[in-house]
Each structure stands twice: as structure tokens, then as C-alpha cells.
Chemist: 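One structure follows; several queries about it will come next.
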Amino acid sequence: MTLKKHGAVTAESRALVIGSAGFLLLGVVAFLLVGREPVALSGRGSAGDIAALGTAVLGAAAVVAGSLQRRAQESSEPAAGGRTRHNIDIAALALAHACVFLLGWLALFSIFQRAFAGAVLYPLAAAILVGATGAISAYIAYLSAVTMNAYRLAALLAVFLVTGVLTSMLTAEDPQWWQENLSALGTSSDVSGAAFNVTLIVAGVVVTTLAGYSTRTLQSTADTAPSRRRVRRLEGGIILIGILLACVGLFPVDEQFWLHTAAASGMVVVFGTLIVRMRSLVPSIPATFNVLGLVFLAVIAFAVVLYFPVGYYNLTAVELIAASLVFAWLIVLIRNLAAVDVDELAADPPAHPQSQHTDTAGNTAAPGTDRTATGS
């Protein structure tokens, strides 16, 4: 990607303008919605609800603006198929950021309400506070889109998953949900159930986007048919994990038990298959990462044994352990693939620094190598 002169300064300036616009827009909307009566921090019709919904919309719009700005700075236009994938990636990023802001502000305002029990906000104070959330969210979202790479996308996935699941736990009507299983969070018809299921669905979409980000450099450097097949299998495995994860959210356990269980089990099977075959799929991946994957797989197997034959703890503990390790491994995989990319660039420095563009890890590459962070 060829950046214009002073591109970083320009991006910061535009982010400040977008953040200021977000403050004014969401502040005015909040002032009009609140009316003349004091409003609570959290709950239906509260300042927290206005902030969460407003920042979701502003955040998504800022991501689209940042992504389009990034495309305008790129030195070459992607092919027709690449443009389609690029647009899908933008939509996934916008949706992920919107959900992070929606769930994150809901959770934060809920915590504030508990910390300041009985507190209310007068209209002007509510407008200023909500406007501030709009400014912060729009500013962060725009810069996130402009500087997005594999490292940051992996971090976004981690933040999104933690935010969504934590919000679901905090808003669960049944405080004893954990006595059943983790999927019980998605069976209720309140905010908790929606937060849990939407988190899984959107996370699945983000994982499929990660597949393109993480394997793009491998695809561009694969010079033989077997190496290209290996890259396609790796990308296909990551995409399949994303699809199955989305299916877990699409099919709640209380309505579609077998489909829900099959999707969750299939995700672990694909995860295990990728671990076993990782060395052959990506020969340059660090040996320590392969060892880590095998350790994760062994821990999951041990946790299952402790639950099923031994009965040491309930199903929720097993699901939490398995889900945490699967996503931790996936995030570390993305970072290791980006690290491989960095080493390749260090071994083969660009010949024309003035024509450099950015790779999936946010580094520079020589022209003619497709390593853009967005778009194929």
C-alpha cells in the first residue's frame, strides 16, 4: 500500500474530526431522547442504552470511512473477486466494531449503575456523557480501520469475544446459569441471550475474515501447486471454524440441540485436525507453536475425561476450557503467521522503498507482492 505523504498525521486529523462529529451528533440525539426528566445510567431507556446503540452505528460508519480511506491510499486496485472479498471484509470489520461498542458500553454502564446505586443523570449531563462515548468510539473505530492488520484483527477478535460473553453473563436473568452449561446463556429471550448468540455469530464472521488476512502472504509467496494446496487447506480450516462458530450462535441449544452440538463438536474436531497437520501445512511455523497446540489439545482431552467419566465438575467448566483454548490458539496462530511474514520480509528487503506497501502484519513489502491488509 503506497501511503500519501504525512498519511499518519492526516489519519489522526481525520480521526479527530470524526470523533468531534460523533460527539456532537450523539450528544444532540441523547439530549432530544432524554427530554426533561433525569435518566438512569443503565436499563431500558437509559443513557447507557442510548450510548450503546449510538456508538454501534457511529462505530460501524467510522470503520467504513476508514476502510474506504485505506483503499484510496493503496497503490493498486484489487481484481473483481478481490473487491468482493474486500467489501465482505469491510462489512465484517464494521459489524465487529459495532458489536464491541454495543456490548462494551452496555456492560460498562451496567457496572457504573451498580457502583453508583440510585444515581441519575440530568438531561445536559446525560447528553455530554453520551456524546463523549460517541467521540471515543468514532475516533477509535476510524483509526482501527485505517491501521488494520492481522495482529490488530486478532486482538479485535479477543476483545470482542470477552466483551460479548461477559456482557451476556452480567445481564443473565438466571444467576445460576452456570450450573447447566455455557450454551444456557443463549437460551433466554432477554439481552443476555441476544448478546451471547450475536457474539458467536459475529465472531464466526470475523474468524472467516481472519482466514483471508492470515493466509494472504502465504498465498502470494506459494510458487508450487502443493504449496498452494496447503495454503488453501489452512485457510479452509480456519473458515470452517468460523462457520461452525456462527452456527453455534444460530442454533440455540434449547431449540436445535443436535445442530448446536454438532457445530460445537465439529469446531473442536477441525481445531484438532489443524493442530495435528499444522507442521505440514506451514513448514515455516515455529516449533514452539506446534508444541503449544498439542498441549492445548491434551488439556482439552483431559478436561473432557475429568467431566464425563470422573464427574469432577460440570459441563460449563469443560466448555469454558475448550472455548478459551481454541480461541487462544487461533489468535496465537494469526500472530505466528504474521511473524513468519515479518521474517520473510527481513530476509528479502524491498528494492524500492519509495514504492513500498503494507503487508498483513503492518510491515512494508516490495511492489508486485500482494500483501495488503484489506482486500485480496
Chemist: With no hydrogens and no angle check, is any side-chain donor or acceptor of N314 less than 3.5 Å from a backbone partner on W178?
Modeler: yes
Chemist: Which heavy atom of V64 sits nearest to which heavy atom of A94, and what is that distance?
Modeler: CG2-CB, 4.2 Å
Chemist: Once salt bridge (charged side-chain N to carboxylate O under 4.0 Å, His left out) is applied, do any residues pair with E319, and if so which ones, sequence neighbours excluded?
Modeler: none
Chemist: Evaluate side chain to side chain contact (heavy atoms under 4.5 Å, CB included) for T288 paired with L292, printing each intermediate quantity in order.
Modeler: CA-CA 6 Å; T288 50; L292 179 68; over 6 Å; no
Chemist: Heavy-atom distance under 4.5 Å between the side chains of L330 and F271, does that happen here?
Modeler: no
Chemist: Do V326 and L297 belong together in a cluster built from hydrophobic side chains that touch within less than 4.5 Å?
Modeler: yes
Chemist: Has the side chain of R277 got a donor or acceptor atom that lies under 3.5 Å from a matching backbone atom of R233?
Modeler: no
Chemist: Run the side-chain hydrogen bond (donor to acceptor under 3.5 Å, both in side chains) check on E12 and Y139 step by step: do they pass?
Modeler: CA-CA 9 Å; E12 283 289 343; Y139 176 84; 2.8 Å; yes
Chemist: If two hydrophobic side chains count as joined below 4.5 Å and joins carry through other members, does F251 share a cluster with I241?
Modeler: no
Chemist: Could you list the cluster mates of V28? Members are the ILVMFWY residues connected by side-chain heavy atoms closer than 4.5 Å, either directly or through other members.
Modeler: L32
Chemist: If you measure from OG1 on T224 to CZ on R229, what distance do you get to the nearest 0.5 Å?
Modeler: 8.0 Å
Chemist: Holding to side chain to side chain contact (heavy atoms under 4.5 Å, CB included), I want the full list of residues that pass it with V295, two or more places apart in sequence or in another chain.
Modeler: V291, V299
Chemist: For the CZ atom of R279 and the CG atom of N290, what is their distance to the nearest 0.5 Å?
Modeler: 5.5 Å
Chemist: Start with the C-alpha distance between H97 and F160, add both sets of side-chain angles, then the distance that settles side chain to side chain contact (heavy atoms under 4.5 Å, CB included), and finish with yes or no.
Modeler: CA-CA 8 Å; H97 281 80; F160 175 62; over 6 Å; no
Chemist: At what distance, to the nearest 0.5 angstrom, does CG of N336 lie from OG of S284?
Modeler: 10.0 Å
Chemist: Any side-chain to backbone donor/acceptor pair from N181 onto T316? Under 3.5 Å, distance only.
Modeler: no
Chemist: Indicate, with yes or no, if L337 and F296 share a hydrophobic cluster defined by side-chain heavy-atom contacts under 4.5 Å among Ile, Leu, Val, Met, Phe, Trp and Tyr.
Modeler: yes
Chemist: Can you find a pair of side-chain heavy atoms, one from L156 and one from L93, that are under 4.5 Å apart?
Modeler: yes
Chemist: Rounded to the nearest 0.5 Å, how far does CD1 of I275 lie from CG of L325?
Modeler: 9.0 Å
Chemist: Do the non-hydrogen side-chain atoms of M278 and L234 ever get within less than 4.5 Å of each other?
Modeler: yes
Chemist: Taking all non-hydrogen atoms of both residues into account, name the closest pair between G19 and A138 and its distance.
Modeler: CA-CB, 4.2 Å
Chemist: Do W177 and L182 have side-chain heavy atoms sitting under 4.5 Å apart?
Modeler: yes
Chemist: Can you tell me how far CD1 of I128 sits from OH of Y122, rounded to the nearest 0.5 angstrom?
Modeler: 14.5 Å
Chemist: List in chain and number order the residues that pass side-chain hydrogen bond (donor to acceptor under 3.5 Å, both in side chains) with T147, two or more places apart in sequence or in another chain; answer none if no residue qualifies.
Modeler: none
Chemist: What closest approach, in Å, do L121 and L41 show between heavy atoms, and which atom pair accounts for it?
Modeler: CD1-CD2, 3.6 Å
Chemist: Can you tell me how far the CG atom of L245 sits from the CZ atom of F327, to the nearest 0.5 Å?
Modeler: 4.0 Å
Chemist: So do W329 and L274 actually touch side chain to side chain, heavy atoms under 4.5 Å?
Modeler: yes
Chemist: Is any side-chain heavy atom of I238 less than 4.5 Å from a side-chain heavy atom of L333?
Modeler: yes
Chemist: Which ILVMFWY residues can you reach from V120 by hopping between side chains whose heavy atoms are under 4.5 Å apart?
Modeler: none
Chemist: How close do T199 and A195 get, heavy atom to heavy atom, and via which atoms?
Modeler: OG1-O, 2.5 Å
Chemist: Are M267 and L259 joined in one hydrophobic group, where the rule is that I, L, V, M, F, W and Y side chains link up if heavy atoms are under 4.5 Å apart?
Modeler: no
Chemist: Among the clusters formed by ILVMFWY side chains lying less than 4.5 Å apart, do V270 and V268 turn up in the same one?
Modeler: no
Chemist: Could you check if a side-chain atom of L244 sits within less than 4.5 angstrom of a side-chain atom of V248, using non-hydrogen atoms only?
Modeler: no
Chemist: Do you know which two heavy atoms are closest between A96 and V202, and how far apart they sit?
Modeler: CA-CG1, 3.9 Å
Chemist: Is there a donor-acceptor contact under 3.5 Å linking the side chains of T10 and S13?
Modeler: no
Chemist: Please give me the minimum heavy-atom distance between A47 and V130, naming the atom from each residue.
Modeler: O-CG2, 3.6 Å
Chemist: Does T55 have any side-chain hydrogen bond (donor to acceptor under 3.5 Å, both in side chains) partners at least two apart in sequence or in another chain, and if so, which?
Modeler: none
Chemist: If you link I, L, V, M, F, W and Y whenever their side-chain heavy atoms are under 4.5 Å apart, who else ends up in the same group as L24?
Modeler: F23
Chemist: If hydrophobic residues (ILVMFWY) are linked whenever their side-chain heavy atoms come closer than 4.5 Å, directly or via other members, who joins L106 in its cluster?
Modeler: L53, L102
Chemist: Could you work out, with side chain to side chain contact (heavy atoms under 4.5 Å, CB included) as the rule, every residue matching S324, not counting sequence neighbours?
Modeler: none
Chemist: Applying side chain to side chain donor-acceptor pair (under 3.5 Å), which residue pairs with at least one partner in residues 248-267 are found, sequence neighbours left out?
Modeler: S183-H260
Chemist: According to side chain to side chain contact (heavy atoms under 4.5 Å, CB included), who are the partners of L58, at least two apart in sequence or on a separate chain?
Modeler: L25, L26
Chemist: Step by step, work out the side chain to side chain contact (heavy atoms under 4.5 Å, CB included) result for L315 and E180.
Modeler: CA-CA 7 Å; L315 182 58; E180 297 181 32; over 6 Å; no
Chemist: With a 4.5 Å cut-off on side-chain heavy atoms, are F112 and L108 touching?
Modeler: yes
Chemist: Please collect all side chain to side chain donor-acceptor pair (under 3.5 Å) contacts where either partner lies in residues 36-50, sequence neighbours excluded, each pair once.
Modeler: none
Chemist: Treating S20 as the side-chain partner and L16 as the backbone partner, does any N or O pair qualify as donor plus acceptor under 3.5 Å?
Modeler: yes
Chemist: Determine whether V198 and C99 satisfy the following criterion, side chain to side chain contact (heavy atoms under 4.5 Å, CB included), listing intermediate values before the conclusion.
Modeler: CA-CA 8 Å; V198 169; C99 289; 4.0 Å; yes
Chemist: Short question: side chain of S137, backbone of G134 - any donor-acceptor pair under 3.5 Å?
Modeler: no
